[in-house]
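Have a look at the structure below, then the notes.
Being a predicted model, the structure only gives us computed values, none of them experimental. Only heavy atoms go into these numbers, but all of them, side chains included; no hydrogens, no water, no symmetry mates.
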Amino acid sequence: MRNIVTGNWKSNKLWDEADKLMSELVTGIQSSGNTEVMVAPPTPFLAALQSKYNDQISLASQQCSANGEGAFTGEHTASMLKSIGVTSVLIGHSERRESFGETDEAVASKMERTLEAGLRAILCCGENLDERDAGNHFERVLGQLSHALKNVDAAGMEQVVIAYEPIWAIGTGRTASAAQAQEMHATIRQHLSTLYNETVASSTRILYGGSCKPSNALEIFTQPDVNGGLIGGASLNSSDFLAIVAASNEAISKAV
Ligand code: PGA
């Protein structure tokens, strides 16, 4: 199973900066080894980056509409993304849930729209600090997953990647320890075997996100249930992001 390392640029960079970063990544990733490298730039840049770099690095959208085509001002549908060559959609990122009121129900609809359009969903989940301190983190994360996946069958899971991102670790510089990440990833995998079956559980990739950087990526990626990362801040400069991709390749070669 190949790892996935995805850069989430969030709401950062103007066009010239985005173009420069993409060009550095394309040059730096001549051969990505056993890691699929993907970036999620701001939506206004997707089409231009796709036509300029033409599939050299696959593109993800940071979100999509819960609806199909129609009178929904400001929204972009999963099918629109598919039509310009985007391959994947981040769904349920904690910043969307917290700052834009994205509910579990909306997340479930976005999952459906994304899979219907033939795109891959990178489903984000994670607990906040209060939930972790109260010992409710497993319940919280598994609850988010059960909700989001309620209309996804075992075949649909081939298009799903899960990203565990503890909210207290996002952009804070405070990373989950490798042991904390592994514990949650193993629990998520166990949950998938309950919701689906062993095959789905073992073949679904589970990425870690939250202050992942060159100095800690290798330790996290070598955990048995971690299949790569969703990288925010450290994806905004090419040398850090490329170092994280290299850490993923090194982790895979150690595991073989
Ligand atoms: P971070 O963000 O790497 O800056 O913590 C991760 C994310 O939000 O996807």
Side-chain angles (χ1 to χ4, degrees), residues 2-70 72-93 95-96 100 110-124 156 158-163 205 207 209 227-242 244-246 248-249:
R2 288 179 93 202
N3 270 7
I4 297 180
V5 171
T6 301
N8 175 9
W9 296 0
K10 307 190 180 183
S11 216
N12 290 296
K13 304 213 175 278
L14 301 176
W15 165 251
D16 286 350
E17 299 162 333
D19 186 27
K20 178 169 176 283
L21 175 54
M22 192 69 167
S23 139
E24 289 167 2
L25 295 180
V26 165
T27 310
I29 302 172
Q30 291 299 348
S31 156
S32 59
N34 268 323
T35 302
E36 179 183 341
V37 181
M38 192 159 44
V39 294
T43 311
F45 305 150
L46 282 170
L49 288 175
Q50 175 63 19
S51 58
K52 186 159 180 185
Y53 296 98
N54 196 20
D55 289 333
Q56 293 182 81
I57 292 181
S58 68
L59 293 179
S61 173
Q62 295 176 18
Q63 74 113 10
C64 74
S65 173
N67 298 295
E69 208 172 61
F72 303 105
T73 302
E75 292 283 82
H76 58 273
T77 67
S79 309
M80 290 171 192
L81 295 167
K82 170 87 174 168
S83 74
I84 58 164
V86 167
T87 61
S88 309
V89 185
L90 304 186
I91 299 182
H93 192 283
E95 287 155 13
R96 302 281 327 158
F100 301 96
K110 288 172 189 226
M111 289 296 293
E112 280 192 83
R113 299 293 85 73
T114 296
L115 301 193
E116 271 163 22
L119 294 174
R120 174 162 59 192
I122 302 179
L123 171 60
C124 305
E158 287 175 19
Q159 289 165 250
V160 176
V161 170
I162 291 171
R205 279 164 298 182
L207 315 184
N227 309 113
L230 180 53
I231 319 299
S235 72
L236 294 174
N237 80 74
S238 55
S239 58
D240 281 357
F241 190 65
L242 291 168
I244 291 171
V245 172
S248 165
N249 284 328

_Minimum side-chain heavy-atom gap Ile84-Leu46 below 4.5 Å_ = yes

*Tell me, please, which residues at least two apart from Ala66 pass side-chain contact (heavy atoms from CB on, under 4.5 Å).*
Ser109, Lys110

_Could you measure the distance from the CG atom of Leu236 to the CD atom of Glu17? Nearest 0.5 Å is fine._
10.0 Å

*Identify the two heavy atoms, one from Ser235 and one from Gly7, that lie closest to each other, and give their separation to 0.1 Å.*
CB-CA, 3.5 Å

*Ile231 versus Ala234, closest heavy-atom pair with distance*: CG2-CB, 3.7 Å

*Does the side chain of Thr43 come within less than 4.5 Å of His76's, by heavy atoms?*
yes

_Glu116: partners by side-chain contact (heavy atoms from CB on, under 4.5 Å), with sequence neighbours left out_ = Glu112, Arg113

*So which pairs with a foot in residues 58-70 pass salt bridge (Lys or Arg N to Asp or Glu O under 4.0 Å), sequence neighbours left out?*
none

*Answer yes or no: is there a side-chain heavy-atom contact under 4.5 Å between Leu90 and Asn8?*
yes

*Can you list the steps and then say if Val39 with Phe241 is a side chain to side chain contact (heavy atoms under 4.5 Å, CB included)?*
CA-CA 10 Å; Val39 294; Phe241 190 65; 4.2 Å; yes

*Tell me, do Leu123 and Val161 make a side-chain contact under 4.5 Å, heavy atoms counted?*
no

*Taking C-beta and beyond as the side chain, do Cys124 and Leu230 meet within less than 4.5 Å on heavy atoms?*
yes

*Go through the structure and list residues passing side-chain contact (heavy atoms from CB on, under 4.5 Å) with Glu75, not counting sequence neighbours.*
Gln63, Ser65, Phe72

*asked:* For a quick test of reading the model, state the closest non-hydrogen atom pair linking Leu119 to Val86 and the distance between them.
replied: CD2-O, 3.0 Å

*asked:* Once salt bridge (Lys or Arg N to Asp or Glu O under 4.0 Å) is applied, do any residues pair with Glu24, and if so which ones, sequence neighbours excluded?
replied: Lys20

_Non-hydrogen side-chain atoms of Ile4 and Leu207 separated by less than 4.5 Å_ = yes

_Contact between Ile162 and Arg205 at the side-chain level, heavy atoms closer than 4.5 Å - yes or no?_
no

*Please identify each residue that fulfils side-chain hydrogen bond (donor to acceptor under 3.5 Å, both in side chains) with Ser239, with sequence neighbours left out.*
Asn237

*Short question: side chain of Gln62, backbone of Ala40 - any donor-acceptor pair under 3.5 Å?*
yes

_From Leu21 atom CG to Asn12 atom CG, the distance as rounded to the nearest 0.5 Å_ = 10.5 Å

*asked:* For Asp19, give me all partners under salt bridge (Lys or Arg N to Asp or Glu O under 4.0 Å), at least two apart in sequence or on another chain.
replied: Lys52

*Please confirm whether the backbone N or O of Cys64 pairs with a side-chain atom of Ser61, one donor and one acceptor, at under 3.5 Å?*
no

*asked:* Could you check whether any side-chain heavy atom of Asn67 comes within less than 4.5 Å of a side-chain heavy atom of Thr77, counting everything from C-beta outward?
replied: no

*Mind checking the OG-CG spacing from Ser238 to Leu25? Nearest 0.5 Å is all I need.*
6.0 Å

*Can you pull the ring pair (Phe, Tyr, Trp, His ring centres under 6.0 Å) pairs that have at least one residue in residues 8-29, sequence neighbours excluded?*
Trp15-Phe45

_Donor-acceptor contact below 3.5 Å, side chain Asn249 vs main chain Thr35_ = yes

*Partners passing ring pair (Phe, Tyr, Trp, His ring centres under 6.0 Å) against Tyr53 (at least two apart in sequence or in another chain)*: none

_For a side chain to side chain contact (heavy atoms under 4.5 Å, CB included) check, start with the C-alpha distance between Val89 and Leu81, then their side-chain angles and the critical distance, and finish with the verdict._
CA-CA 9 Å; Val89 185; Leu81 295 167; 4.0 Å; yes

*Quick one: side-chain contact (heavy atoms from CB on, under 4.5 Å) partners of Ser88, sequence neighbours excluded?*
Met38, Ala60, Arg120, Ile122

*Sequence-distant partners of Thr6, side-chain hydrogen bond (donor to acceptor under 3.5 Å, both in side chains), two or more places apart*: none

*Considering residues at least two apart in sequence or located in another chain, which fulfil the salt bridge (Lys or Arg N to Asp or Glu O under 4.0 Å) criterion with Lys82?*
none

_Before you tell me yes or no, could you show the steps for Ile29 and Ile57 under side chain to side chain contact (heavy atoms under 4.5 Å, CB included), namely the whole-Å CA-CA distance, both residues' side-chain angles and the distance that decides it to 0.1 Å?_
CA-CA 9 Å; Ile29 302 172; Ile57 292 181; 4.1 Å; yes

*Which heavy atom of Gly156 sits nearest a heavy atom of Leu115, and at what distance?*
O-CD1, 3.8 Å

